[in-house]
There are 2 protein chains.
Amino acid sequence: MTILHSASQVLRCFSDERPELTLTDIVALRGAPKSSTSRLLNAMRDAGFLEVTKVGRKYRPGPLMIHLAQINKVDMSLLARADAAVRELVEETGHTGYVSALDHQDVIGLSGHEGRQVLRVATAVGRRLQASASATGRALLSRMEDRAIETLYHKGLFAPSERAPATLEDLMNRINQVRQSGYSVAFDETNHGVGAVATVVVDPMKNLALSLCIVFPAATIAEQEREHIITRMKEMTAQLARQFNDHGQPLLDTVRRKKSQSGVLSI
Amino acid sequence: MTILHSASQVLRCFSDERPELTLTDIVALRGAPKSSTSRLLNAMRDAGFLEVTKVGRKYRPGPLMIHLAQINKVDMSLLARADAAVRELVEETGHTGYVSALDHQDVIGLSGHEGRQVLRVATAVGRRLQASASATGRALLSRMEDRAIETLYHKGLFAPSERAPATLEDLMNRINQVRQSGYSVAFDETNHGVGAVATVVVDPMKNLALSLCIVFPAATIAEQEREHIITRMKEMTAQLARQFNDHGQPLLDTVRRKKSQSGVLSI
DNA sequence: AACTTTTGTTCCATTAAATGGAACTTGAGG
DNA sequence: CCTCAAGTTCCATTTAATGGAACAAAAGTT
């Protein structure tokens, strides 16, 4: 174990729920000896990775992190991150991939990358898709509360093809499958001959859900390759979820209010 | 030199102007051997501190930094940072300190910390002060363009005491002194018997200038102590400036528009 | 205030990692 | 196919990190 990995582990201990940690906290979380951890934390403080609160000897991410967070060209938005992840998947698999978000009953493509395969699905940035009849749409819906989904489809739903869910009950079954497995699939639903695998990740701070999706010709894909795509997508999505403190909470129906700081007037 | 310090140096190489760097860039910036730097950068990538762009082997701050930037309880605003810096100065010197911002011709106290000294200046969060007749006000004005200052005081200015600048010319002289020395002083200007030292730092992304100020009884302060306060304030202000990419640019008169991302639709 | 418990630091010999020069590999132009 | 620049790997050497235990400092407890 190099000290950089140790430092990395320490920094990963911090989260929204635990923005400040003591030495003993970190010892407990990492399981490393107290002495090493003590020296490590002091070294990290000296280097600017951490800073200590005057009261209670608590550590938190330090000035160096604040410096990096100010660099606005390093886009840290979920969209930029999800887009980068999809691009990586596209390069790996050669299939087309895109990132999309939900808008009422529709899914909108926000960014897309075309694959290298001769037979490939064209990307459609800005195009709308029925949420209920697509892998990416059901992935996004899976992070809403049941009540909200029912409200959204209270007038019933339209199935553009035989394989798409035709009733609210069908849809809920498919959504529950997504919730359980962590990914969403579709074959021949909105577009004939097209297969899709999608996952979803939410940024709880912005209450924003985005879906990662890889699309491919349904006929030519091998079972093994499909499995591989699913595995990689779940891996990359899990990484994004960790980065954004997404612990699987459902999306809030109403807009969350930001708490005001204590003791300091806001501008 | 520990590897943590090296890693810290590398991360400090990134800025708004240089959001991505190659191995050779970093070798040039740090002066360390190429071999060590190569290994260091790869180790940092493995640990999540950096990530590499697929094209051009460029490095930039990595997923770990993005994770930390998401922690909302770690307040990275300039106000929170300036407040923490002032608190530290107050603890060190025992004198009262505060952070303030400009509102037209006034300075408003945004956060304050009272000193430990028996004879101390009381804090006044939310209270207004004449910008022209205070150390903190002139510090803030020093980051505006001359034209903007002239516009602000085109109706002339009022001096609340003999030592305060009475004309625009007086004021400009005092402001130019601040620009040159990097700090602002006042004795017996708005409040009798009160001395003050102030510095200013701006967050270019928010186009926000904040002033750090330490106030003390003018009569009882030793020359040496005053010098020490100035030195420490300049140090801490310089650190903040580095973190926020403040390179001494004047404040924009109009609100800067944020550029939209290329290739990706914004939500 | 004296005691106990909890929490963090320092010491030490041992182990493991970082170092820098040189040789080597890779990749982009010509 | 060659060349030059950019990046990686090798190796012996130096330097830093490790973890157990003793030590010191706070925070509770009687």
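Reminder, nothing fancy here: chain letters follow the sequence lines and each chain counts from 1.
- Without hydrogens or angle criteria, A:Arg57 side chain to A:Thr22 main chain gives no donor-acceptor distance under 3.5 Å.
- For the pair B:His5 NE2 and D:dA17 C1', the computed distance is 15 Å after rounding to whole Å.
- Atom CG of A:Leu50 and atom C1' of C:dG8 are 15 Å apart (whole Å).
- Using modelled atom types, one side-chain atom of A:Ser211 and one backbone atom of A:Thr199 make a donor-acceptor pair closer than 3.5 Å.
- Just one residue in the list A:Val90, A:Val215, A:Val86 forms a side-chain contact (heavy atoms from CB on, under 4.5 Å) with A:Tyr98, and that residue is A:Val215.
- The interatomic distance linking A:Arg30 (CZ) with D:dG19 (P) rounds to 9 Å, in whole Å.
- When the P atom of C:dT26 is taken as reference, atom CZ of B:Arg57 falls 12 Å away, rounded to whole Å.
- By the 4.0 Å N-to-carboxylate-O rule, B:Glu51 lies close enough to A:Arg81 to be salt-bridged with it.
- What separates CE of B:Met1 from P of D:dA16 is a distance of 10 Å, to the nearest Å.
- Atom-to-atom distance recorded for A:Met1:CE and A:Gln9:CD is 4.5 Å, nearest 0.5 angstrom.
- What separates CG of B:Leu23 from P of C:dG27 is a distance of 15 Å, to the nearest Å.
- B:Thr231 places a side-chain N or O within 3.5 Å of a backbone atom of B:Glu227 that can act as its donor or acceptor partner.
- Here the OG atom belonging to B:Ser184 is positioned 12.0 Å from the CG atom belonging to B:Leu212, to the nearest 0.5 angstrom.
- Only B:Lys34, B:Ser35, B:Ser38, B:Asn42, listed by number, bring a heavy atom of residues 33-44 of chain B to less than 4.0 angstrom from any atom of DNA chain D.
- Over its length, the helix from C:dA1-D:dT30 to C:dG30-D:dC1 turns its helix axis by 50°, as judged from the five terminal pairs at each end, rounded to 10°.
- The distance from atom CD of B:Gln243 to atom CG of B:Asp203, rounded to the nearest 0.5 Å, is 11.0 Å.
- Position along DNA chain C of the nearest nucleotide to A:Thr24 versus A:Leu4 favours A:Thr24 as the more 5'-ward residue.
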